[in-house]
Amino acid sequence: MATKKSPIPKAKSFNAGTLTADTVRSLLKQHARGTFAKSSTPRVAKRFIQERTASEHAGGDILYHKGRLVLDALTTRKHPWIGLLIVEGDLVVKGRYEDSLDPESVVIVTGSLRAGDIITEGFLEVHGDLVAERSILFLGNDACTEVFGDVRAPFVYTQYHAVNVHGGVKAQLVTGDAKQHIRARQKHSFIEETDRRVRDLLSPKLLKRFADEMFEDEDGDEADPDAPWIDAIDAETLADFVRRGKPALAEKAPAARKSRRAS
């Protein structure tokens, strides 16, 4: 059976025979710096290498790219799925970057990772900044993210996902289930998703998608759509919205033009 085309054609590939297990182990030792959550990211990467070289996870690949990598989009779960990706340099994704936990993925970027939107459920380690044009979603509690620079995006959301940021978190809105899931050395504002202020900042189109899943009044009855009580954000509905390249935040109203007439 012919091997399906790699999602990163210029990268060296274990499946294609351009990467050996020894080379991958050496690259991992050289580039994996993370110590967060008992060094979960390098530990999971080592496990995947061992299992892949033992002919397990035959549908998964190990990829390595040296130098700045620019892609239109990157989703690790597409077949052949990416079990381990090491980018020695910056990773720039014009559209959506999305990694996964099922199947499990590990992504290590020695530079910065920039994308239109970022959705991470797997193990992600970024030595520079993690930057999105619109939204960054940290989802799921079985993996973690470590960023050695800053996290920057208009909208940052976390659901159970453990995130360690060595710099700061800079966003118009940082929200989710609990502030302690995003640890940062620099102080940052966080508004819990149940706070009424969150609704005022979210896109009306997104609020419409949430509908009954998100809103109910304090007694559990159907709420007034114009002033609902936010019970919780449905993470999958949010992720589906972001996957369409739509901004999670409401657009700012244009500033009123000053009258040019003399007083």
Which atom of [X] lies closest to which atom of [Y], heavy atoms considered:
| X | Y | result |
| --- | --- | --- |
| Val109 | Ser112 | CG1-O, 3.7 Å |
| Val174 | Ser189 | CB-O, 3.4 Å |
| Gly34 | Ser39 | O-OG, 3.7 Å |

Any side-chain heavy atom of [X] sitting closer than 4.5 Å to one from [Y]?
| X | Y | value |
| --- | --- | --- |
| Val131 | Leu113 | no |
| Val169 | Ile182 | yes |
| Leu173 | Leu249 | yes |
| Ile8 | Leu71 | yes |
| Leu19 | Leu27 | yes |
| Phe123 | Glu104 | yes |

To the nearest 0.5 Å, how far apart are [atom1] in [X] and [atom2] in [Y]?
| X | Y | atom1 | atom2 | result |
| --- | --- | --- | --- | --- |
| Ile119 | Glu98 | CD1 | CD | 4.0 Å |
| Ile118 | Leu124 | CD1 | CG | 7.5 Å |
| Leu85 | Ile108 | CG | CD1 | 9.0 Å |
| Phe241 | Lys246 | CZ | NZ | 5.5 Å |
| Phe36 | Thr41 | CZ | OG1 | 9.0 Å |
| Leu202 | Phe210 | CG | CZ | 6.5 Å |

**OP:** Go through the steps for Thr175 and Glu192 under the test side-chain contact (heavy atoms from CB on, under 4.5 Å), then give the verdict.
**Re:** CA-CA 5 Å; Thr175 187; Glu192 288 193 10; 5.6 Å; no
Given the rule that I, L, V, M, F, W and Y join up when any side-chain heavy atoms are under 4.5 Å apart, are [X] and [Y] in one cluster?
| X | Y | result |
| --- | --- | --- |
| Ile191 | Ile233 | yes |
| Val126 | Val106 | no |
| Leu84 | Ile82 | no |
| Val107 | Phe148 | no |
| Ile86 | Tyr97 | no |

Side-chain polar contacts of residues 63-70 - donor-acceptor pairs under 3.5 angstrom, sequence neighbours left out - could you list them?
unit_1: Tyr64; atom_1: OH; unit_2: Glu88; atom_2: OE1; d: 2.4
unit_1: His65; atom_1: ND1; unit_2: Gly67; atom_2: O; d: 3.1

Answer yes or no: is there a donor N or O on one side and an acceptor on the other, between the side chain of [X] and the main chain of [Y], under 3.5 Å?
| X | Y | answer |
| --- | --- | --- |
| Ser100 | Pro103 | yes |
| Asp99 | Ser105 | no |
| Thr110 | Gly89 | yes |
| Thr75 | Arg77 | no |
| Arg96 | Gly116 | no |
| Gln172 | Phe155 | no |
| Asp61 | Trp81 | no |

With a cut-off of 3.5 Å and sequence neighbours excluded, list every side-chain donor-acceptor pair involving residues 136-143.
none

Subject >> Polar side chain donor-acceptor pair, Thr120 to His161, under 3.5 angstrom >> reply: no
Original post:
Can you tell me if Thr23 and Thr20 form a side-chain donor-acceptor pair at under 3.5 Å?
Top reply: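 Side chains of Thr23 and Thr20: pair found under 3.5 Å.
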**OP:** Go through the structure and list residues passing side-chain contact (heavy atoms from CB on, under 4.5 Å) with Asp240, not counting sequence neighbours.
**Re:**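 Testing Asp240 for side-chain contact (heavy atoms from CB on, under 4.5 Å), a comparison that skips the adjacent residues, returns Arg209, Glu236, Arg243, Arg244.
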**OP:** On the 0 to 90° scale, with breaks at 30° and 60°, tag the Phe190-His188 ring pair as parallel, tilted or perpendicular.
**Re:**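 Perpendicular.
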**OP:** Any pair with a residue in residues 126-138 that passes side chain to side chain donor-acceptor pair (under 3.5 Å), sequence neighbours left out, goes on the list, sorted by first then second residue, please.
**Re:** Asp117-Arg134, Glu125-His127, Asp129-Arg152
Subject >> side-chain contact (heavy atoms from CB on, under 4.5 Å) evaluation trace for Thr145 with Val147 >> reply: CA-CA 7 Å; Thr145 298; Val147 179; 3.9 Å; yes
**OP:** Not counting sequence neighbours, list each pair that qualifies as a salt bridge (charged side-chain N to carboxylate O under 4.0 Å, His left out) and has a residue in residues 23-34.
**Re:**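 Output for this query lists Asp22-Arg25.
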Original post:
Can you pull the salt bridge (charged side-chain N to carboxylate O under 4.0 Å, His left out) pairs that have at least one residue in residues 163-191, sequence neighbours excluded?
Top reply: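 For residues 163-191, and leaving out neighbouring residues, the salt bridge (charged side-chain N to carboxylate O under 4.0 Å, His left out) pairs sorted by first residue read Asp150-Lys170.
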Subject >> Candidates Thr53, Val24, Ile62 - the one meeting side-chain contact (heavy atoms from CB on, under 4.5 Å) with Phe48 >> reply: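 Result for side-chain contact (heavy atoms from CB on, under 4.5 Å) with Phe48: Ile62.
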